[in-house]
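Read through the structure below, which is laid out as structure tokens, and then see the notes.
A note on names: the letters A, B, ... follow the listed sequences, proteins ahead of strands, and every chain is numbered from 1. Everything numeric in this text was worked out from a predicted model, so none of it was measured.
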Amino acid sequence: MDLKQVEKKWQKIWADTGLYKFHRDRVDKKCYVLEMFSYPSGAKLHAGHWYNYGPADSYARFKRMQGYEVFQPMGFDAFGLPAENYAIKTGIHPQDSTMKNIATMEEQLKKIGAMYDWDYEVYTCVPEYYKWTQWLFLQLYKHGLAYRKEAPVNWCPSCNTVLANEQVVQGECERCGTTVVRKNLTQWFFKITDYAEELLAGLDKLDWPEKTKLMQKHWIGKSYGGDIEFAVKGREEKFRVFTTRADTTFGVTYVVLAPENPLVDVITTPECRAAVEEYKLNASKVTEIDRLASNREKTGVMTGAYAINPVNGREVPILVADYVLASYGTGAVMGVAAHDERDFVFAKKLGLPIERVVKSADGSPDELPYTDYGVMVNSGEFDGMTSEEGKIAVIKKLEAEGKGALKTNYRLRDWLVSRQRYWGAPIPMIHCEHCGVVPVPEEDLPVRLPYNVEFKPDGVSPLAKSEEFMNVKCPVCGRPARRDPDTLDTFVCSSWYYLRYPDNRNDKAAFDREWIDKMLPVDKYIGGAEHACMHLLYARFFTKALRDMGYLDFDEPFLSLVHQGTILGSDGNKMSKSRGNVVSPDDSIAQYGADVFRVYLMFGFSYVEGGPWNDNGLESIGRFFDRVERVVKKCYGMNFEKRAPEKAEKELNYVRNTTIKSVSADIETFSFNTALARIMEFVNAIYAYDAAVQNKSTLFNDCVKDLVLLLAPFAPHFAEELWEMLGQTYSVFDQRYPVADEKALVRDEVELAVQVNSKLRARITVAQDAAKEDIEKAALEAVAAQLGGGAYKKIIIVPGRLVNIIA
RNA sequence: GCAGUCGUGGCGAAAUUGGCAGACGCGUCGGAUUUAGGUUCCGAUGGGAGACCGUAUGGGUUCGAGUCCCUUCGACUGCACCA
């Protein structure tokens with residue numbers, strides 16, 4: 001059959017009959033299947049998109065055939081850096097290129113033949129959407145979850161522009177090669193850290209890949225310890241360090257501040273100032289990634305100031321070193337050279353003292369640095385305590401003296417959402433000389449992104465150059481004021497799109513609470529593992545924050561998550577233009593059709609693994625389709641006998657039902673490759689029956705019908721055509737997926753392997769319900785020769801599998 | 001550097017979760033159909049002549065290990081001196 005014609009035909013009929021329209025009145029049966037939406041970059045839909053969307057759609061179709069009201073929307077994550085860079089290069093406006101790309105990708109997406117209900121489509125870059133992104137920002141602001149603070153950005157002094165991390169290559173600007181420095185700007189943050197504990201605790205309940213949960217767990221990075229307060233000698237100032245090893249506090253021989261720590265400027269002595277300033281300048285030139293490279297040589301300088309260790313009153317030097325980060329803990333660390341790997345290296349390098357205060361508990365000799373737990377020594381009243389006891393006891397004592405506190409620390413940082421970019425949602429805030437920072441009133445939303453803006457980089461946010469945009473009346477006092485010139489991180493747009501889909505036309509609210517409480521959470525979310533920590537964590541945060549603000553009533557957005565693997569080029573490398581190994585789906589589809597392409601992707605790879613592309617796999621799927629088509633054609637119009645040979649009937653019916661059972665189970669776990677293998681076996685069994693039995697009964701017809709139904713989610717156009725060929729009524733997707741007849745799954749006889757001393761020696765066939773004694777007897781008979789005298793120590797029987805005789 | 005995942009025929013991969021390793025497919029070989037090639041249908045296909053040997057490596061637990069534990073090697077992904 002001409003698959004391309006068939007695909008066109010059914011895509012039209014599906015659209016004309018509205019087959020995939022979501023029925024809102026059946027919401028109690030809803031199944032929300034969501035694939036991560038596309039980013040419409042210059043490129044077209046690639047093999048990776050297909051690998052995400054094709055199998056996911058097969059899952060959705062399976063759910064539909066099980067009677068669920070499937071909601072499977074599609075949309076575009078349309079704001080972002082690539083469109084803007086493309087514009088800087090070509091002069092084509094981001095809005096124009098983006099809308100054009102979207103149109104192309106929509107066409108391509110329609111060719112997949114997926115069940116998307118396009119009525120619910122969403123673009124994040126249109127005012128109808130970003131109005132509500134801005135509204136969400138305002139709600140977070142009103143609830144104290146959005147705030148401003150200074151934070152460093154990557155700054156190219158030559159281009160006069162802020163760079164994204166990916167635009168910094170080995171510390172240099174990717175465009176001009178100038179060394180990138182860090183520069184502080186006042187920017188907006190979302191207080192995701194308020195939810196650190198809940199984000200961590202909620203992971204347990206989720207049906208997500210374990211490794212993804214583990215990655216989020218590490219990202220949140222909870223650790224138990226305490227703050228310890230050090231006074232600066234001869235000054236008023238005090239500062240705290242966070243430590244998980246307070247049992248080593250007596251071994252502190254120095255303390256280190258991060259170069260960005262504001263205290264540095266305050267305490268540095270005049271003699272040391274020049275060196276410290278130079279050190280700070282150099283540190284600002286090193287990107288965070290380079291600065292944190294583990295094999296990098298440790299550096300640091302003295303501030304000239306001294307700190308007083310609160311446990312023993314000892315004076316220790318205060319240094320500045322870039323291995324201490326301002327963003328983690330308190331931006332200050334106590335140096336315990338004897339019991340910390342990094343401190344040890346640092347102390348050696350700078351000639352600082354090293355003093356042991358912990359030794360191994362069993363008294364066995366150990367070398368420094370000794371980083372394990374042990375027993376405290378040289379620690380005054382704490383001598384003899386174990387590290388476990390000591391790290392609590394030391395903090396508790398300090399706490400009583402007001403010089404410390406037990407503390408749980410999180411690695412997670414607040415989410416920086418300001419971008420000094422054009423192509424994003426404007427931040428809906430106004431800066432008034434008299435009233436300060438004022439939110440845009442909700443009735444004034446959206447704050448529209450102006451079209452005519454000079455977005456080429458020249459030192460300020462592109463929007464800052466648009467007087468028309470910037471000038472606004474202060475909503476509080478009415479006097480002239482300025483808008484915030486920054487736009488929102490695109491992750492903000494994608495943190496709530498799944499909430500907008502079900503209610504995408506709502507112009508009164510971001511979404512109707514009652515409705516989305518019925519439609520959400522998402523039942524199955526499918527997308528790449530690269531989003532494990534950012535997108536998936538941000539979306540969870542948004543859901544929880546919206547719940548607490550009273551806009552919805554569930555805790556988690558995505559109950560169940562699957563990551564598809566990556567399809568590599570046929571050379572085993574990641575597909576990339578520079579390698580020239582990119583596989584274009586369009587060519588394959590033009591040749592074989594969308595269904596063959598989709599089935600190839602599902603059969604040839606383990607879904608979560610992916611793997612290298614292989615050209616000749618497509619052809620074999622085409623042949624499989626032909627094989628199915630032939631048996632369907634043969635079946636239609638055939639005259640059936642009432643009875644056929646019982647044995648052949650029983651065998652075929654057995655295969656039929658085991659196929660149904662395992663295919664259903666496999667789709668549920670996204671094991672598409674094995675599901676298709678079972679279907680192929682079923683086809684083989686139908687052929688075997690056909691060859692062996694002259695006068696076929698209606699079982700043959702039933703099996704062929706089941707075959708088409710089983711195949712339908714995988715090859716939707718093809719199956720719809722076959723269903724019609726069988727004289728059945730439209731549509732195959734309104735049929736129920738076959739359900740196995742449990743009675744047919746029981747076989748009269750089973751084959752068991754017989755082992756002697758765990759080595760396979762024979763096979764026996766016994767009745768399904770054979771008694772233990774009978775099995776033993778049959779097994780012993782079968783291996784009588786090997787056993788010789790017949791003596792044995794014991795027999796192990798694994799029901800339905802094997803018998804192992806230990807001689 | 002740390003963490004996670006993984007390593008199975010010529011190739012893509014399976015393996016009921018500790019129970020007959022290699023399902024299914026590709027490729028290859030053979031047979032049938034065909035004037036022939038292709039298509040189609042049927043069969044064989046881990047290695048070895050064999051007893052046997054085989055799931056990266058070396059050990060361990062077990063009646064039994066691809067699966068669990070430890071060692072080493074390699075690949076991929078993530079994180080980045082996390083105090």
Side-chain angles (χ1 to χ4, degrees), chain A residues 209-212 214-215 217-219 221-223 225 228 241-246 248 255-256 258 288-296 298 321-325 327-336 340-343 345-346 409-412 529-530 532-533 563 565-566 568 572 574 600 603-606 608-621 623-624 626-627 630 662 665 671 673-684 687-688 690-691 751-763 793-807:
Chain A
E210 286 305 318
K211 62 172 182 180
T212 307
L214 199 65
M215 280 166 73
K217 202 174 158 185
H218 289 327
W219 188 271
K222 184 177 186 175
S223 61
I228 296 176
V241 300
F242 174 75
T243 181
T244 53
R245 289 296 304 274
T248 65
V255 293
V256 186
E288 193 154 320
I289 293 203
D290 289 340
R291 178 168 149 182
L292 300 179
S294 53
N295 50 357
R296 190 162 162 266
K298 297 223 171 347
D322 65 5
Y323 80 94
V324 176
L325 302 180
S327 55
Y328 183 79
T330 61
V333 168
M334 61 184 205
V336 186
D340 182 280
E341 208 77 53
R342 295 167 312 244
D343 293 350
V345 174
F346 186 73
N409 195 57
Y410 297 92
R411 197 187 81 105
L412 184 69
E530 66 273 17
C533 287
H563 295 306
T566 314
L568 307 169
K574 240 187 190 149
Y600 164 66
F603 180 66
F605 306 87
S606 161
V608 299
E609 302 276 329
W613 178 265
N614 184 345
D615 282 317
N616 49 24
L618 280 166
E619 226 165 299
S620 71
I621 301 298
R623 284 205 292 273
F624 168 64
D626 291 343
R627 193 168 154 84
R630 276 194 299 276
S662 42
S671 307
N673 53 349
T674 49
L676 283 158
R678 296 292 91 81
I679 292 176
M680 288 172 182
E681 283 174 330
F682 186 33
V683 172
N684 292 344
Y687 268 75
D690 179 38
E751 194 188 64
L752 299 180
V754 182
Q755 299 178 331
V756 177
N757 291 333
S758 307
K759 297 219 170 200
L760 183 66
R761 287 293 177 250
R763 290 169 207 282
K793 287 187 194 129
K794 67 171 171 174
I795 295 188
I796 294 153
I797 297 177
V798 182
R801 302 227 152 259
L802 58 75
V803 181
N804 191 4
I805 300 164
I806 311 304

Checklist entry - Got more than 12 heavy atoms from elsewhere within 6.0 Å of NZ, A/Lys211? => result no
Checklist outcome for this item: In whole angstroms, the gap separating P of B/G12 from CZ of A/Phe603 amounts to 14 Å
Item to check | Whole-Å gap separating P (B/C81) and CD (A/Glu341) | outcome: 15 Å
Next on the checklist: What's the gap between B/U45 and B/G22 when it is taken at their P atoms, as a whole Å value?
Outcome noted: 11 Å
Checklist entry - Rounding to a whole Å, what distance do you find between A/Met215:CE and B/C76:P? => result 17 Å
Next on the checklist: Tell me whether A/Lys298 forms a cation-pi arrangement with A/Tyr323, defined as NZ or CZ under 6.0 Å from the six-membered ring centre and within 45 degrees of its axis.
Outcome noted: yes
Checklist entry - With a 4.0 Å cut-off on heavy atoms, is A/Ile796 in touch with a base, just the backbone sugar-phosphate, or nothing at all? => result base
Checklist entry - With distance as the sole criterion, do the side chain of A/Arg245 and the base of B/A83 form a donor-acceptor contact below 3.5 Å? => result no
Item to check | Whole-Å C1' distance, B/U67 and B/U62 | outcome: 13 Å
Next on the checklist: What verdict does the side chain to side chain contact (heavy atoms under 4.5 Å, CB included) test give for A/Ile795 and A/Ile806, after you've listed the backbone C-alpha separation in whole Å, the side-chain angles of each residue and the deciding distance to 0.1 Å?
Outcome noted: CA-CA 6 Å; A/Ile795 295 188; A/Ile806 311 304; over 6 Å; no
Item to check | Donor/acceptor link under 3.5 angstrom from A/Lys793 side chain onto base of B/C63 | outcome: no
Checklist outcome for this item: Expected label for B/U33 (glycosidic angle, syn inside 90° of 0, else anti) would be anti
Checklist entry - With syn defined as a glycosidic torsion within 90 degrees of 0 and anti otherwise, which applies to B/G9? => result syn
Next on the checklist: Tell me the closest heavy-atom pair linking A/Arg411 and A/Tyr328, and the distance in Å.
Outcome noted: CA-CE1, 3.6 Å
Checklist entry - Want to settle it: does A/Gly617 or A/Arg411 sit nearer the 5' end of RNA chain B, counting the closest nucleotide to each? => result A/Gly617
Checklist outcome for this item: note: A/His563, atom NE2; B/U5, atom P; distance rounded to Å ~ 14 Å
Checklist outcome for this item: note: A/Asp322, atom CG; B/A83, atom C1'; distance rounded to Å ~ 15 Å
Checklist entry - Once you round it to whole Å, what is the distance between C1' of B/A21 and NZ of A/Lys759? => result 15 Å
Item to check | Integer-rounded Å distance: B/G25 C1' and A/Asn673 CG | outcome: 11 Å
Checklist entry - With a non-hydrogen cut-off below 4.0 angstrom, is A/Asn684 in contact with a base, only sugar-phosphate, or nothing? => result sugar-phosphate
Checklist entry - Using a distance-only test with no angle check, is there a side-chain donor-acceptor pair under 3.5 angstrom linking A/Arg761 and A/Asn804? => result no
Checklist entry - Checking all strands, does A/Glu751 fall into the base, sugar-phosphate, or nothing category for heavy-atom contacts under 4.0 angstrom? => result base
Checklist entry - So what does A/Gly565 hit on the nucleic acid, given a heavy-atom distance under 4.0 Å: a base, only sugar-phosphate, or nothing? => result nothing
Item to check | Distance, rounded to the nearest Å, where A/Glu609 contributes CD and B/U8 contributes P | outcome: 11 Å
Checklist entry - Which sits closer to the 5' end of RNA chain B, A/Ser606 or A/Asp343, going by the nucleotide each is nearest to? => result A/Ser606
